[in-house]
Amino acid sequence: LEQVGRGEETLELLAEARELYSRAGGPLDDDLAQCAFIEGRALLNAGRGEEARPLFEEALEHLEQGQRNVDERAASMRNALARVHTNAGRYEEAHAKLRELEERYPEKKRDVLYQRAVFQNQQGRWQQLYETMVAYRALPNYQPRLGADLMFINAMMNLNMGAAALHTAE
């Protein structure tokens, strides 16, 4: 419509589409970004740059939120894939997925260390479990977690560190 001289009609339809997407809720950030961008571009082409600026900012905001949503879902999927490998006895593949997850999403380090500890506990890799739990407990965002404490105690008991395990249990 914009190309055939019906720019105002285009702007009205785009504004209506953005409103509908906004009310629909859900993971529509890409759609909202696209609508805001097209509407902003139409305003810019009509010589109304100041009106276009907030739409371009909105488009960027929706794109960034959409990327955060994609990253969150991708991290969850990678973690699930690591669990599938573990359940199938493919421990090296599971640990490789966890390493990949940790490299791509450093903010998930606490969750990755915990999952790695679960795998090591299942495999009876006591020394690695102990080292993972030390790293887990040293994180700046560490919060006590019963499952983590029990795995830590289990590792220490299997490494004949009974006194340290008793201290942790207290």
Side-chain angles (χ1 to χ4, degrees), residues 17-40 55-170:
R18 273 191 323 117
E19 175 63 26
L20 290 172
Y21 279 131
S22 294
R23 280 191 286 165
L28 300 169
D29 289 302
D30 287 344
D31 298 320
L32 287 166
Q34 186 67 17
C35 281
F37 174 74
I38 292 170
E39 187 176 353
L55 291 166
F56 290 138
E57 290 170 353
E58 179 184 334
L60 282 172
E61 184 179 312
H62 284 300
L63 278 178
E64 290 168 356
Q65 180 59 44
Q67 187 59 50
R68 285 189 294 273
N69 291 341
V70 167
D71 287 345
E72 187 67 30
R73 288 192 307 266
S76 295
M77 290 175 199
R78 288 179 198 287
N79 189 28
L81 188 55
R83 290 176 57 205
V84 166
H85 285 306
T86 296
N87 292 343
R90 295 188 302 266
Y91 300 116
E92 293 309 314
E93 290 95 333
H95 288 291
K97 284 294 171 199
L98 288 176
R99 280 190 298 276
E100 181 182 330
L101 183 61
E102 190 173 9
E103 289 169 9
R104 290 183 76 144
Y105 308 100
E107 70 279 4
K108 297 270 185 203
K109 186 174 182 92
R110 182 177 63 133
D111 297 333
V112 171
L113 285 174
Y114 184 82
Q115 193 63 51
R116 182 174 290 131
V118 169
F119 294 166
Q120 291 164 340
N121 191 49
Q122 290 171 342
Q123 298 166 42
R125 293 183 176 187
W126 309 121
Q127 184 62 43
Q128 291 95 336
L129 174 59
Y130 176 80
E131 292 167 7
T132 299
M133 293 313 303
V134 168
Y136 178 83
R137 294 168 65 96
L139 290 172
N141 62 346
Y142 169 74
Q143 295 176 346
R145 187 173 178 179
L146 180 60
D149 289 343
L150 291 173
M151 286 189 289
F152 196 37
I153 291 167
N154 193 24
M156 288 187 281
M157 292 300 292
N158 280 286
L159 291 171
N160 294 320
M161 300 170 68
L166 180 61
H167 176 72
T168 300
E170 291 174 351

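Computed from heavy atoms alone, side chains included, the values below leave out hydrogens, waters and symmetry copies.
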I need the L150 CG to M133 CE distance, nearest 0.5 Å.
9.5 Å

What pairs with R90 under side chain to side chain donor-acceptor pair (under 3.5 Å), at least two apart in sequence or on another chain?
H85

Test side-chain contact (heavy atoms from CB on, under 4.5 Å) on K109 and V112 and set out the steps.
CA-CA 5 Å; K109 186 174 182 92; V112 171; 5.6 Å; no

Candidate pair R110 and Q143, rule side-chain contact (heavy atoms from CB on, under 4.5 Å), full reasoning
CA-CA 10 Å; R110 182 177 63 133; Q143 295 176 346; 4.0 Å; yes

Evaluate the criterion side-chain contact (heavy atoms from CB on, under 4.5 Å) for residue pair V134 and F152; output intermediate values, then yes/no.
CA-CA 8 Å; V134 168; F152 196 37; 3.9 Å; yes

Is it true that K97 and E100 have a side-chain N and a carboxylate O under 4.0 angstrom from each other?
yes

Report yes or no: does N158 contribute a side-chain atom to a donor-acceptor pair with the main-chain N or O of N154 at less than 3.5 Å?
yes

Would you please test R99 and R116 for side-chain contact (heavy atoms from CB on, under 4.5 Å) and show each step?
CA-CA 9 Å; R99 280 190 298 276; R116 182 174 290 131; 3.8 Å; yes

Taking every heavy atom of A82 against every heavy atom of A94, the minimum-distance pair comes out as O-CB, 3.3 Å

What is the distance from atom CD of E102 to atom CG of L98, rounded to the nearest 0.5 Å?
8.5 Å

For F56, enumerate each residue passing the ring pair (Phe, Tyr, Trp, His ring centres under 6.0 Å) test, keeping only those at least two apart in sequence or located in another chain.
F37

For Y142, enumerate each residue passing the ring pair (Phe, Tyr, Trp, His ring centres under 6.0 Å) test, keeping only those at least two apart in sequence or located in another chain.
Y136

Quick check for you: to the nearest 0.5 Å, what is the distance between L113 atom CG and Q120 atom CD?
9.0 Å

Between CD of Q127 and OG1 of T132, what distance do you get to the nearest 0.5 Å?
10.0 Å

In Å, rounded to the nearest 0.5 Å, how long is the span from CG of L129 to CE of M151?
6.5 Å

Atom NE2 in H95, atom CD in Q115: separation rounded to 0.5 Å?
10.0 Å

Test applied, side chain to side chain donor-acceptor pair (under 3.5 Å); reference residue, R125; option that passes from Q128, Q123, Q122:
Q123

